[in-house]
Amino acid sequence: MRLTRYFIPTLKEIPAEAVIPSHQLMLRAGMIRGLSSGIYSLLPLGYRVWKKVMQIIREEMDAIGGMELHLPALNPKEIWEETGRVEAFGDTMFHIKNRDLVLAPTHEEIITHIAQAFVHSYKDMPQIWYQIQTKFRNEPRPKSGVIRSRQFLMKDAYSLDNSWEGLDESYQKHFDAYCRIYDRCGLNYFVVGASSGAMGGSGSQEFMVESDAGEDLCAFNMESGYAANIEVATSKLPPIGRVDENPEVEKFATPNAKAIDDLVEQFGLPAERCAKALVYFADEKPWLIFMSGNDQLNESKLQTALKANVIRPAHDEELLALTGANAGSIGPVNLKTKLPQIADTRLEHANDMVSGANENGFHYRNIDLDRDADIQAYHDLRMVEEGEPDPINGLPLKVKKAIEVGHIFKLGTKYSEALKANFLDANGTEHPIIMGSYGIGVERIVACHIEQRHDKDGIAWHPSIAPFHVHITGVKIESDLVREHADRLHDHLEAAGLEVLYDDRAGVSPGFKFKDADLLGMPLNVIVGEKHLKDGNIEVKIRHSGERRIVPVEDVVDVCKALINELSV
RNA sequence: CGGAACGUAGCGCAGCCCGGUAGCGCACUACCUUGGGGUGGUAGGGGUCGCGGGUUCAAAUCCCGCCGUUCCGACCA
């Protein structure tokens, strides 16, 4: 491909709206062009990369027996109401104004709808269906270029099985395929245990790329082999426990104490013996929640524990109406209205606790949660902190930012039950289909790749997803000697099966061409110039390492082929 | 949705405080020059100054409203 005939609008300056390297470089290299917040056009050079990523995904999905299909982006709102996900997605789902249609943010409902119609026997399964399509999410704040956008490409796959063992197998196949996909794309990644969130289901894992641009926090200890999204991460902290003395509760005045720290400072209480009370609504039903001291409530864990579609903290007026007090003075004793209660596991059977009196300016002491509260269940509800002991070996946890590039779920029967997608087993008994759901963000792979492989000059593509394998730089292309060699090399490299971008621009200075080559970042830059041609040589530069080799003209094609193979592993 | 900043040529910016001819660099066009790390020069083309109102003889500039973009937070399968 000749650069003079190809459309690559490179930029010398960094557009003001781009903050992270991958976004800046995609714009500067002429790969993408922003249209609106969180909406991008993919230009020819960028789309080549997208297509390569999608092809790798296709090959690995096909290899585990996946069948590609194509589903509508426009969905009837009704089907999303049946699974409760219009509410679960809330404002994140785009709604069509002049029809009762929505733009699909994912496709569990549609897949289940097909399964419901056609998959009726245990003999019809297992099935793996996948698609690589545009998804729409009305992100409140798109950011980081294509990493969080309103319209993006996702590969999503769905498995249908007739047994839980079958689901485990399908899940494992996807896990293995995902590892191969990220390996082939040249990404450094790690896997964490994850929350199923609004997707529902029994278990899930995320494929993560460590990055300061990441929006997820992961807690891990490499030595123990523990890694989890902060949404589900746990640690091994001792329970608060009981003390022998267990007197009756006693109210005391705390006029200037709202936060746990105030109680600690003013009354010399140990923070962990304070039971912090919070009120949350789960699907519009209020709950009273207790945490120890300054432990932070993990909303993901709360949502899972309450099996709720949507949760939110109570507003000030609601707090007052339900408990009789404002935030900071709420507790289990003397509640204005009876509220269902749950507490963090650290508080299990704890006594000698201090908590709000449900009367502003007062607290109770000597609270025995077993005696004085009405706690229905204890769940792990805390947000872990860096340095806490990991749950496997008790070694200190580290917390790092990461970008989620893939997520696999054991969905179970949430959607098949809601949409009545049932099958008959060998005994003629009806069961809901057992499903799995597996997603990969295509643009996030590209963005993470650039985040991991760039330097001050530009991108350094891995050969597997590079837009072209070889970039030929014709230095002083006006020279017949240079032009003839470069032309021939271009033809020979293409004939050898390599993808070639040939900078055949005339009147462009060498430095300018080198800068462009470094910016675009093809794995190999073949520099054809009089300097080495007069000795019968051509220079081959490896972009990622910076290594340069002077190669006899007749060997260049073989050297390039060998280097591409070498760089691909 | 809370807090903040910014909207002037394709991109990066100045001009605004103190109202009076719309500017600079890059990119683009033509010619000359140079030719292994963004050559140097000459001459050009391109902007309803985000939109709408108001004040004024006169608004990019002052006032009000809206829209957009970005950043921090909330949210985020």
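Quick caveat, the model's predicted, so the values are computed rather than measured. Numbers restart at 1 for each chain; the letters A, B, ... are given by sequence-line order, proteins then strands.
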Any side-chain N or O of [X] under 4.0 Å from OP1/OP2 of [N]?
X        : N     : answer
A/Thr92  : B/C75 : no
A/Arg148 : B/C75 : no
A/Arg141 : B/C71 : yes
A/Ser36  : B/U69 : yes

What nucleic acid atoms does [X] come within less than 4.0 Å of, heavy atoms only: base, sugar-phosphate, or nothing?
X        : result
A/Leu27  : nothing
A/Glu299 : sugar-phosphate
A/Val508 : base
A/Arg548 : base
A/Arg150 : nothing
A/Gly529 : base
A/Pro140 : base
A/Ala18  : nothing
A/Asp216 : nothing

Test for a donor-acceptor pair under 3.5 Å between the base of B/G36 and the side chain of A/Glu539, counting only N and O atoms.
-> yes
Let me know the distance between [atom1] of [X] and [atom2] of [N], rounded to the nearest Å.
X        : N     : atom1 : atom2 : value
A/Met208 : B/C76 : CE    : C1'   : 12 Å
A/Leu217 : B/G73 : CG    : P     : 11 Å
A/Lys513 : B/G36 : NZ    : C1'   : 12 Å
A/Asn537 : B/G36 : CG    : P     : 17 Å
A/Glu478 : B/U33 : CD    : C1'   : 12 Å
A/Glu139 : B/U69 : CD    : C1'   : 17 Å
A/Ile230 : B/C76 : CD1   : P     : 15 Å
A/Lys531 : B/G35 : NZ    : C1'   : 13 Å

Inter-nucleotide [atom1] distance ([N], [M]), Å rounded:
N     : M     : atom1 : answer
B/C63 : B/G7  : P     : 15 Å
B/G52 : B/U48 : P     : 12 Å
B/C64 : B/U55 : C1'   : 11 Å
B/A60 : B/C49 : C1'   : 5 Å
B/C67 : B/G25 : C1'   : 30 Å
B/G50 : B/A59 : C1'   : 16 Å
B/G15 : B/U61 : C1'   : 9 Å
B/C6  : B/C62 : P     : 12 Å

G-U wobble or Watson-Crick pairing nucleotide for [N] (cut-off 3.5 Å, both distances):
N     : result
B/U48 : none
B/C26 : B/G10
B/C71 : B/G3

Classify the side-chain pair A/Tyr438/A/Ser159 by whether it contains a donor and acceptor separated by less than 3.5 Å.
-> yes
Give, for atom NE2 of A/His407 and atom CZ of A/Phe409, the distance between the pair rounded to the nearest 0.5 Å.
-> 3.5 Å
Qualifying residue for side-chain contact (heavy atoms from CB on, under 4.5 Å) with A/Pro21, from A/Gln452, A/His454, A/Met26 | A/His454
Could you tell me if the ring centre of A/Phe175 sits under 6.0 Å from that of A/Phe207?
-> yes
Looking at the rings of A/Tyr40 and A/His23, which for Trp means the six-membered one, are their centres under 6.0 Å apart?
-> yes
Which class fits the ring pair A/Phe94 and A/Phe136: parallel under 30°, tilted 30 to 60°, perpendicular over 60°?
-> perpendicular
Indicate the ring-plane relationship of A/Trp80 and A/Phe89, choosing parallel, tilted or perpendicular according to the 30° and 60° boundaries.
-> perpendicular
Which residue, A/Val528 or A/Arg33, contacts RNA chain B at a nucleotide closer to its 5' end, judged by nearest heavy atom?
-> A/Arg33
When A/Arg444 and A/Gly507 are each assigned the nearest nucleotide of RNA chain B, the 5'-most assignment goes to A/Gly507
For the side chain of [X], counting heavy atoms from C-beta on, which of [options] is nearest?
X        : options             : value
A/Lys515 : B/G37, B/C76, B/G35 : B/G37
A/Glu13  : B/A27, B/G12, B/C75 : B/G12
A/Phe512 : B/G35, B/A27, B/C72 : B/A27

With A/Tyr415 as partner, the option from A/Arg85, A/Glu108, A/Glu82 fulfilling side-chain hydrogen bond (donor to acceptor under 3.5 Å, both in side chains) is A/Arg85
